[in-house]
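Only one structure is covered here, and it is reproduced in the block below.
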Amino acid sequence: MNFVLARSFQGKMDEPIVINNFIGGVMVPCQDHIDSHDPSTGLVWAKIPDSGQAEVDAAVNAAQAAFEGWSCKSAQTRANHLLKVADILESRLEEFAVAESRDQGKPVWLARIIDIPRCVLNLRHFAHAIPHHLNTSNVNPEMGVVNYTLREPQGVAGLISPWNLPLYLLTFKLAPALMCGNTVVAKPSEMTSVTAYMFCKVLQDADFPAGVVNIVFGRGPSAGQALITHPQVPLVSFTGSTLTGKFIAQATAPMFKKLSLEMGGKNAAVVFDDCDMESCIATLKRSSFINSGQVCLCTSRIFVQKSLFKDFLEKFTAVAREVKIGPPSDKDVFMGPLNSKPHLEKVLRYISYAVEDGGQVLCGHGVEILDLPPQNKEGYFMRPTIITGLSDKSRCMQEEIFGPITCVTPFDTEEEVITRVNDTPYGLCASVFTSNLARGHRVAHKLKAGTVWTNCWLVRDLDMPFGGVKKSGLGRESTQDSLEFYTEAKTVCIKI
Ligand code: NAD
């Protein structure tokens with residue numbers, strides 16, 4: 001590992017890490033930088049390249065130059081390259097977990113058991129799965145022809161990723177894009193660029209062919225925009241907010257680019273009175289507050305059947321009050337800070353909106369004291385907050401907050417709750433808690449969401465389509481869906 005990174009990850013940070021772009025297989029310094037803050041202290045800990053058109057042009061040129069060599073390799077050869085990267089990444093799991101925690105704010109244990117292992121899985125899964133799905137053939141004796149389909153890579157894929165699951169979501173795009181034979185220019189979030197930079201070193205150490213992966217760091221409106229509108233980038237895979245997704249759709253529409261958009265959510269949980277309450281509450285604690293509520297799939301509306309409402313609220317509030325908040329390096333901490341000061345301020349504004357809209361804050365911000373060690377007083381922390389008494393049309397029930405705030409509301413019947421859950425502009429995921437299997441299926445079929453979990457949450461199988469409906473997304477990601485997105489099908493017909 002780069003000694004500057006190693007020193008910083010041990011906490012002996014004298015000066016911030018300076019990050020370089022990764023273009024054509026080499027680290028390329030950038031003239032201008034953006035400060036990146038450690039969310040648990042508020043101190044600057046990394047300097048991110050403030051790249052623009054020139055850096056993006058250089059990266060796209062490098063990716064284009066590498067395309068022919070990479071796309072002509074067999075799927076097995078490409079898989080071997082990815083598997084080597086996965087092995088090196090796995091061997092450095094702890095360093096990556098510490099860095100992801102430091103950069104993003106999540107507890108180290110969470111990055112250790114979820115984020116980084118999932119990056120390794122992303123690389124291995126697509127390396128193993130894509131070769132088995134690439135081409136199909138069909139002999140038609142009546143027509144006297146053989147048809148076969150080629151799934152062809154399209155060139156340079158532009159990948160834009162957010163700050164909440166930094167390397168996890170980047171590798172979820174990178175692995176299938178590469179396995180399908182594309183070369184890549186990626187732009188991670190300017191809020192969390194450190195693990196992507198460390199990943200460049202892994203690519204070098206794995207002798208990954210130069211120019212196949214290029215990473216340009218910088219802001220959305222400069223580096224991001226230059227990438228998505230680049231004429232030599234025919235496809236863009238984006239994960240981030242609905243607002244940015246809408247902008248990308250508008251900016252790229254006249255260029256007929258292929259787009260995959262994974263965007264915001266306003267995810268609901270439906271708690272029926274026949275559920276296993278203890279397991280439901282444990283799941284909802286995770287689904288509402290893990291990563292400080294900054295997972296696109298986090299629950300932010302909980303509909304509880306009336307007969308259970310009072311009991312549920314008491315128990316759920318008691319569990320939220322027990323949540324331990326503090327430095328992400330502390331192994332007993334469940335919730336670290338939010339990712340940035342502006343984001344914390346935005347999330348806290350929603351508590352004021354809730355009060356203005358007639359809601360009651362049962363626990364969390366402004367109710368219990370947040371007790372932090374002195375070095376974390378300037379960090380972006382808040383307590384998990386539960387709000388009730390809001391109408392379905394209130395801002396907290398309609399808009400994505402993306403923080404540790406969840407709203408709880410009662411309902412009477414199955415039909416009623418389905419209508420109310422569907423009454424938002426979003427449709428990413430939902431969860432249902434019931435011991436009635438038939439009801440679980442029935443409700444899942446009627447909820448307008450890309451994924452519905454029953455009696456669980458965040459169980460992900462990479463073969464299963466992932467994505468949202470309405471303002472939550474366009475397209476799906478999975479073995480098959482990603483293969484279709486990152487390739488174009490061509491039919492070849494031969495007379496026999
Ligand atoms: P964001 O939209 O602000 O930024 C996402 C990425 O887009 C960043 O890399 C950013 O630099 C870039 N970007 C911003 N403006 C751009 C522009 N004009 N052109 C090109 N790129 C631009 O989102 P965020 O705040 O980083 O992430 C949080 C959001 O992401 C939440 O809304 C969350 O729900 C969503 N999200 C969705 C999923 C999903 O799978 N549906 C997963 C994770 C996060």
Side-chain angles (χ1 to χ4, degrees), residues 34 36 39 48-53 56 103-106 114-115 118 122 158-173 185-193 196 215-230 233 236-252 257 259-267 290-300 338-340 342-344 346-347 399-403 424-429 449-451 458 460 462 465-478 481-482:
I34 310 162
S36 182
I48 312 301
D50 193 2
S51 309
Q53 188 73 51
V56 170
D103 208 19
Q104 200 274 341
K106 64 187 66 200
I114 304 260
D115 288 68
R118 169 61 191 271
N122 284 338
L159 312 181
I160 307 266
S161 49
W163 50 257
N164 64 324
L165 298 162
L167 196 61
Y168 174 136
L169 290 173
L170 175 59
T171 50
F172 189 37
K173 296 180 186 304
V185 177
K187 197 216 69 72
S189 169
E190 58 273 41
M191 313 302 295
T192 51
S193 294
I215 305 193
V216 175
F217 298 94
R219 300 173 210 266
S222 42
Q225 204 160 317
L227 178 58
I228 57 139
T229 54
H230 200 292
V233 174
V236 173
S237 177
F238 165 80
T239 299
S241 65
T242 299
L243 199 65
T244 308
K246 183 177 170 189
F247 173 83
I248 292 176
Q250 284 169 336
T252 57
K257 290 183 190 252
L259 269 194
S260 161
L261 301 175
E262 298 287 1
M263 305 187 287
K266 190 69 206 169
N267 312 309
I290 200 120
N291 203 25
S292 300
Q294 303 166 120
V295 177
C296 54
L297 302 165
C298 271
T299 305
S300 65
L338 276 72
N339 178 251
S340 69
H343 186 57
L344 172 68
K346 177 201 140 177
V347 171
E399 297 171 17
E400 185 184 48
I401 303 174
F402 213 54
T424 74
Y426 295 101
L428 190 54
C429 72
T451 300
L458 204 61
R460 286 277 296 118
L462 295 180
F466 175 80
V469 299
K470 302 194 276 182
K471 288 188 175 174
S472 288
L474 204 63
R476 293 287 179 275
E477 294 179 286
S478 71
D481 292 286
S482 299

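The structure presented is a predicted model; accordingly, all values stated were derived computationally and were not measured. Numbering of ligands and ligand atoms starts at 1, following listing order.
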Original post:
Does NZ belonging to K246 count more than 12 external heavy atoms closer than 6.0 Å?
Top reply: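 At most 12 heavy atoms, drawn from other residues, nucleotides or ligands, come within 6.0 Å of this atom.
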
Original post:
Within a radius of less than 6.0 Å around NZ of K257, do more than 12 heavy atoms belonging to other residues, nucleotides or ligands occur?
Top reply: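 Counting other residues, nucleotides and ligands, NZ of K257 exceeds 12 neighbours.
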
Checking the N or O distance criterion of under 3.5 Å, is ligand 1 in contact with [X]?
X: K187; answer: yes
X: R219; answer: no
X: G220; answer: yes
X: T244; answer: yes
X: S472; answer: no
X: S241; answer: yes
X: L428; answer: no

Identity and separation of the nearest protein heavy atom to [atom]:
atom: atom 35 (C) of ligand 1; answer: G240 O, 3.2 Å
atom: atom 25 (O) of ligand 1; answer: W163 NE1, 2.9 Å
atom: atom 42 (C) of ligand 1; answer: C296 SG, 2.9 Å
atom: atom 27 (O) of ligand 1; answer: P162 CB, 3.4 Å
atom: atom 10 (C) of ligand 1; answer: E190 OE1, 3.7 Å
atom: atom 32 (O) of ligand 1; answer: E400 OE1, 2.6 Å
atom: atom 28 (C) of ligand 1; answer: F402 CE2, 3.6 Å

About how many Å separate [atom2] of [Y] and [atom1] of [X], when rounded to the nearest 0.5 Å?
X: L165; Y: I114; atom1: CG; atom2: CD1; result: 9.5 Å
X: L227; Y: I160; atom1: CG; atom2: CD1; result: 4.5 Å
X: N339; Y: S36; atom1: CG; atom2: OG; result: 8.0 Å
X: R460; Y: T451; atom1: CZ; atom2: OG1; result: 6.5 Å
X: L259; Y: L474; atom1: CG; atom2: CG; result: 7.0 Å

Is it the side chain (CB and beyond), the backbone, both or neither of [X] that lies under 4.0 Å from ligand 1, heavy atoms counted?
X: L243; result: neither
X: A251; result: neither
X: A223; result: neither
X: Q294; result: neither
X: M263; result: backbone
X: I160; result: side chain

Original post:
With sequence neighbours excluded, what pairs up with S260 under the side-chain contact (heavy atoms from CB on, under 4.5 Å) test?
Top reply: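 Only S237, E477, F485 meet the side-chain contact (heavy atoms from CB on, under 4.5 Å) criterion with S260.
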
Can you sort out which atoms of ligand 1 are near [X], meaning under 4.0 Å from one of its heavy atoms?
X: F238; result: 2 (O), 5 (C), 6 (C), 7 (O)
X: P188; result: 9 (O)
X: F247; result: 18 (N)
X: F466; result: 40 (O)
X: G224; result: 19 (N), 20 (C), 21 (N)
X: L169; result: 42 (C), 43 (C)

Original post:
What do the steps show when you test T239 against K173 for side chain to side chain donor-acceptor pair (under 3.5 Å), and what is the final call?
Top reply: CA-CA 9 Å; T239 299; K173 296 180 186 304; 2.7 Å; yes

**OP:** Show your reasoning for whether side chain to side chain contact (heavy atoms under 4.5 Å, CB included) applies to T252 and F238.
**Re:** CA-CA 12 Å; T252 57; F238 165 80; over 6 Å; no

Subject >> Heavy-atom closest contact (H343 atom, L338 atom, distance) >> reply: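 It is CD2-CD2, 3.9 Å.
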
Original post:
Is there a donor-acceptor contact under 3.5 Å from the side chain of S472 to the main chain of G264?
Top reply: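 Yes, the answer is positive, given that a donor and an acceptor are paired below the 3.5 Å cut-off.
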
Original post:
Does S161 have a heavy atom less than 4.0 Å from any atom of ligand 1?
Top reply: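 It does; at least one heavy atom falls under 4.0 Å.
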
Subject >> Pick from I228, N164, T242: the one approaching atom 43 (C) of ligand 1 most closely through a non-hydrogen atom >> reply: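 Closest candidate by heavy-atom distance is N164.
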
Original post:
After noting the C-alpha distance and the side-chain angles of Q53 and Q225, does the key distance pass the side chain to side chain contact (heavy atoms under 4.5 Å, CB included) rule?
Top reply: CA-CA 9 Å; Q53 188 73 51; Q225 204 160 317; over 6 Å; no

Subject >> Intermediate values then yes/no, side chain to side chain contact (heavy atoms under 4.5 Å, CB included), F402 and Q294 >> reply: CA-CA 5 Å; F402 213 54; Q294 303 166 120; 4.0 Å; yes

Subject >> Steps toward side chain to side chain contact (heavy atoms under 4.5 Å, CB included) verdict (Y426, M263) >> reply: CA-CA 9 Å; Y426 295 101; M263 305 187 287; over 6 Å; no

Subject >> Pairwise salt bridge (Lys or Arg N to Asp or Glu O under 4.0 Å) hits with a residue in residues 216-228, at least two apart >> reply: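 Of all non-adjacent pairs touching residues 216-228, those that pass salt bridge (Lys or Arg N to Asp or Glu O under 4.0 Å) are D50-R219.
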
